[in-house]
Amino acid sequence: MVQAIVFLPLLGAILAGLIAIFGAHARNPSGDAVEHHDHGHGDHAHAADAHDDHGHGDHGHDDHHVSEPPAQGSRAAELITTGLLFVSAALSWVVLVEIGFLHRDVVRIALFPWINSGDLQVAWALRVDTLTAVMLVVVNTVSSLVHLYSIGYMDEDPNRPRFFSYLSLFTFAMLMLVTADNLVQLFFGWEGVGLASYLLIGFWYQKPSANAAAIKAFVVNRVGDFGFALGIFAIYMLLNTTDFETIFAGAPGLSGKTINFFGWHADALTLTCLLLFMGAMGKSAQFLLHTWLPDAMEGPTPVSALIHAATMVTAGVFMVARLSPLFELAPNAQAVVMFFGATTAFFAATVGLVQNDIKRIVAYSTCSQLGYMFVAMGAGAYSVGIFHLFTHAFFKALLFLGSGSVIYAMHHEQDIRNMGGLWRKIPYTYSVMVIGTLALTGFPLTAGYFSKDAIIESAYVAHNPFGYYGFAMTVIAAALTSFYSWRLIFKTFHGEPHDQHHYEAAHEAPLWMLIPIGILAAGSILAGFPFYELFAGHGVGEFFRESLKMHPNIIDEMHHIPKIIVYLPTVMMAIGLYISYVFYIRRPYLPVELANQHQMLYQFLLNKWYFDELYDFIFVRPAKWLGRFLWKKGDGLVIDGFGPDGVSARVLDVTRNVVKIQTGYLYHYAFAMLIGVAGLITWFMFGLGGQ
């Protein structure tokens, strides 16, 4: 059963890939490049009314009506991949019930040997414990719904088979990551999701902005992955293995050991965990390595939902939870995790306050929520972090797919300043978006309420130098999250329409898109209370058993904190909602006045704390300058100047000059001979005279 869960998406990816290749060949047998215009500049080529409506999306004028015929077999590719994903998702729930609820033993399925080199023995094996089972449910449930949604969303795109192939490949890579039995296999899945994200973010490769965003995601992740690879090397150096069971058994023996790191004798476990966390910072877009995440919005909306809810960004959180036995032994590393998590939660929430692109607002909320998850990891409440990962997957996928439904209705429009009054036109999308927003902001009894509040409580009781910092930042972020989430709802669905032409043409999306967001809306409510006891209550030990190493007594301490701390996040959520209501419903002139009064602060937040500009100045420009210098001066002047090109040029110069001597005139030769004779006589005279 486990093999089916993991390999059915791969089968779907291969079949859809073959359909894409043969379909493209059938469409264009000569093999010449087809002139692609733009498939939906705002986001997606929705052509129902688009002949008279050139999408005024965020990305400018839309000229995609030199349309291509769709690839042959598009419907087959969609149905095959989606069907296989739904089978995989159903089996994932069965596995969760068996392992989590019925307490079956950990499943370990050896597939075949992989790397055998001296002491390094790595085999392909699938390991399924409760932590993996939870991740399988998250990944496959969200991915199957994203596949279903994409059938409607991508209906006008001629490259649908390629898109569905990439989507299934993404899911497979994430499944390899969560079922890994050793660090090398985990790294394979880790790089696999990186590759798939590159392919999907840059899916509309005719757009320069999509290519730039894909490259940015890839490069920033390489920075984190460099640290992650070093962490894996360090573990292998210390324990001579990459196998999880052996690592966890040997970890306590590493206490007190040091590693000579450039002459600095660092604590072995602390350094290793920090290097591993560096990988998580890249994948999960934590502060300093977060810059790729908002740009990932250049891909089609279903891609954003998949990256932000179930795959890529959750990989870092999963990895820290999987290696919890190591992090528990390295309290200094946990302090760093807490610091970065709390800083990310606050930072991303401040930037989200002023964004105007509907998808970017949701993207920054993802960044912020990932910060929350790492706060729980830093506190040692790993199950609580996984609980938020579990609930967040439902409401974040819902918000992204709901945003996609709005963009679809508005013909590629993504700027919330050009929307308004849409609740009358798309009431179903409005209602599910409100449910998603309630869950994200932590409204009582929604899924987010249970998991988010548990994280804030865990930070309050954490035995961590940054515990109170984590608590303060997450509480402030709760108010900010509420404000910008309701700002999105009020500006999009309430008030007066700003673009009458688009407003009149707005209509609900097809059923393919409405069914998945309805299921996710149900999950945004039902994923909380029924699971609370298992993830954040007294049932944690029995549910997770050996798959997580929890900090001792932290769950008990969380249940014995002052009532004011328990209610504080809800109060902050209510404050955020009230201020948002006043700003965008009661007195809509206030935000503009405030922005004008505090121009510097507004620009600071609008430009994302100037991180892109800073990195451009510190890293990009010097790298470009160095590259140009080595190319022009190093390669051109030195290597070509003195190397092969230089030698050949000198030989040519010499031969040209020698050729000039060969004039063909007799008196020239006689003159040369006379000079030669005179020279010889002179030499003999002085030479012999010297003797």
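Throughout, numbering of the chain's residues begins at 1 and tracks the sequence. Atoms considered below: every heavy atom in the structure, side chains included; atoms not considered: hydrogens, waters and symmetry mates.
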- Ser324 side chain vs Ala321 backbone, donor-acceptor pair below 3.5 Å: yes
- Message: Quick one, Tyr610 with Asp616, criterion side chain to side chain contact (heavy atoms under 4.5 Å, CB included). Give me CA distance, side-chain angles, the key distance, then yes/no.
- Response: CA-CA 10 Å; Tyr610 291 105; Asp616 185 61; over 6 Å; no
- Quick one: sort the Phe287 and Phe340 rings into parallel, tilted or perpendicular, breaks at 30° and 60°. tilted
- Would you please indicate yes or no on a ring centroid separation below 6.0 angstrom for Phe187 and Phe228? yes
- Message: Between Leu238 and Ile259, does the side chain to side chain contact (heavy atoms under 4.5 Å, CB included) criterion hold? Intermediate values first, please.
- Response: CA-CA 9 Å; Leu238 292 164; Ile259 292 179; 4.0 Å; yes
- Report yes or no: does Asp267 contribute a side-chain atom to a donor-acceptor pair with the main-chain N or O of Thr270 at less than 3.5 Å? yes
- I would like to know whether Leu370 and Thr344 meet side chain to side chain contact (heavy atoms under 4.5 Å, CB included); could you show each step before the answer? CA-CA 8 Å; Leu370 287 161; Thr344 307; 5.7 Å; no
- Message: Between Met281 and Phe374, is there a side-chain heavy-atom distance shorter than 4.5 Å?
- Response: no
- Arg127/Glu245 salt bridge by N-O under 4.0 Å criterion: yes
- Establish, from distance only, whether the side-chain atoms of Ser168 and His147 form a donor-acceptor pair under 3.5 Å. yes
- Task: Check whether any side-chain heavy atom of Leu148 lies under 4.5 Å from a side-chain heavy atom of Phe86, and answer yes or no.
- Result: yes
- Task: Identify the heavy atoms of Ser383 and Phe544 that sit nearest to each other, and give their distance.
- Result: CB-CE1, 3.6 Å
- Atom CD of Gln334 and atom CE of Met377: how far apart are they, to the nearest 0.5 Å? 11.0 Å
- Message: Could you check whether any side-chain N or O of Thr81 sits under 3.5 Å from a backbone N or O of Gly12, counting only pairs where one atom can act as donor and the other as acceptor?
- Response: no
- For residues 290-334, the ring pair (Phe, Tyr, Trp, His ring centres under 6.0 Å) pairs (sequence neighbours left out) are His290-Phe347, His290-Phe611, His308-Phe400
- Message: Check whether Thr141 reaches the backbone of Val138 with its side chain - one donor and one acceptor, N or O, closer than 3.5 Å.
- Response: no
- Is it true that a side-chain atom of Lys359 and a backbone atom of Met297 form a donor plus acceptor pair closer than 3.5 Å? yes
- Query: Do the side chains of Val87 and Leu91 get nearer than 4.5 Å, heavy atoms only?
  - Reply: yes
- Message: Using the rule given for side chain to side chain contact (heavy atoms under 4.5 Å, CB included), can you reason through Ile109 versus Gln3, listing the C-alpha separation, both sets of side-chain angles and the distance that settles it, and then say yes or no?
- Response: CA-CA 8 Å; Ile109 302 163; Gln3 292 99 313; 3.5 Å; yes
- Note on the structure: Tightest non-hydrogen contact, residues Gly231 and Thr272, listed as O-CG2, 3.7 Å
- Query: At their closest point, which heavy atom of Ala77 faces which heavy atom of Ala16, and how far apart are they?
  - Reply: CB-CB, 4.1 Å
- Hey, are the side chains of Met154 and Phe203 touching, using non-hydrogen atoms and a 4.5 Å cut-off? yes
- For Gly404, does its backbone N or O pair with a side-chain atom of Thr301 as donor and acceptor, under 3.5 Å? no
- Message: Does the plane of the ring in Tyr149 sit parallel, tilted or perpendicular to the ring in Tyr153? Use 30° and 60° as the thresholds.
- Response: parallel
- Query: For the residue pair Arg360 and Asp295, what are the closest heavy atoms and their distance?
  - Reply: NH1-OD1, 3.8 Å
- Query: CZ of Phe543 to CD1 of Ile99: how many Å apart, nearest 0.5 Å?
  - Reply: 10.0 Å
- Query: Heavy atoms, side chains only, cut-off 4.5 Å: are Gln185 and Trp124 in contact?
  - Reply: yes
- Item | Between CH2 on residue Trp631 and CG on residue Leu626, distance to nearest 0.5 Å | 14.0 Å
- Note on the structure: Interatomic distance, CG@Leu84 vs OG1@Thr171, rounded to 0.5 Å, equals 11.0 Å
- Task: Taking Gln121 for its side chain and Gly118 for its backbone only, find out whether a donor-acceptor pair lies under 3.5 Å.
- Result: yes
- Message: For a quick check under 3.5 Å, do Arg160 and Ser150 share a side-chain donor-acceptor pair by atom type?
- Response: no
- Note on the structure: In Val313, Val134, Thr314, the residue satisfying side-chain contact (heavy atoms from CB on, under 4.5 Å) with Leu389 is Thr314
- Do the charged groups of Asp129 and Arg545 touch, with an N to O distance under 4.0 Å? no
- Task: Report yes if some heavy atom in the side chain of Leu326 is under 4.5 Å from a heavy atom in the side chain of Ile235; otherwise report no.
- Result: yes
- Query: Would you call the rings of Phe346 and Trp609 parallel, tilted or perpendicular, where under 30° means parallel and over 60° means perpendicular?
  - Reply: perpendicular
- Query: Side chains of Ser92 and Asn140: is there a donor and an acceptor less than 3.5 Å apart?
  - Reply: yes
- Task: Kindly indicate whether the side chain of Val320, heavy atoms from C-beta on, has any atom under 4.5 Å from the side chain of Met373.
- Result: no
- Relative to the ring of Phe339, is the ring of Phe466 parallel (under 30°), tilted (30 to 60°) or perpendicular (over 60°)? tilted
- Message: So does Ala268 get a backbone contact from the side chain of Thr258, meaning a donor-acceptor N/O pair under 3.5 Å?
- Response: no
- Item | Glu191/Arg222 ion pair, N-O < 4.0 Å | yes
- Heavy atoms, side chains only, cut-off 4.5 Å: are Phe170 and Leu199 in contact? no
- Query: What are the two closest heavy atoms between Ser403 and Val362, and how far apart are they?
  - Reply: OG-CG2, 3.9 Å
- Item | Between Ser451 and His388, a side-chain donor and acceptor under 3.5 Å | yes
- Shortest non-hydrogen contact from Gly202 to Ala214? N-CB, 3.7 Å
- Hey, are Thr366 and Lys396 close enough side-chain-wise for a donor-acceptor pair under 3.5 Å? yes
- Task: Answer yes or no: is there a donor N or O on one side and an acceptor on the other, between the side chain of Thr241 and the main chain of Asp243, under 3.5 Å?
- Result: yes
- Item | Distance (rounded to the nearest 0.5 Å) between Ile201 CD1 and Ile215 CD1 | 11.0 Å
- Hey, is Lys216 close enough to Asp612 for a salt bridge, meaning N to O under 4.0 Å? yes
- So CG of Asn182 and OG1 of Thr242: to nearest 0.5 Å the spacing works out to 4.5 Å
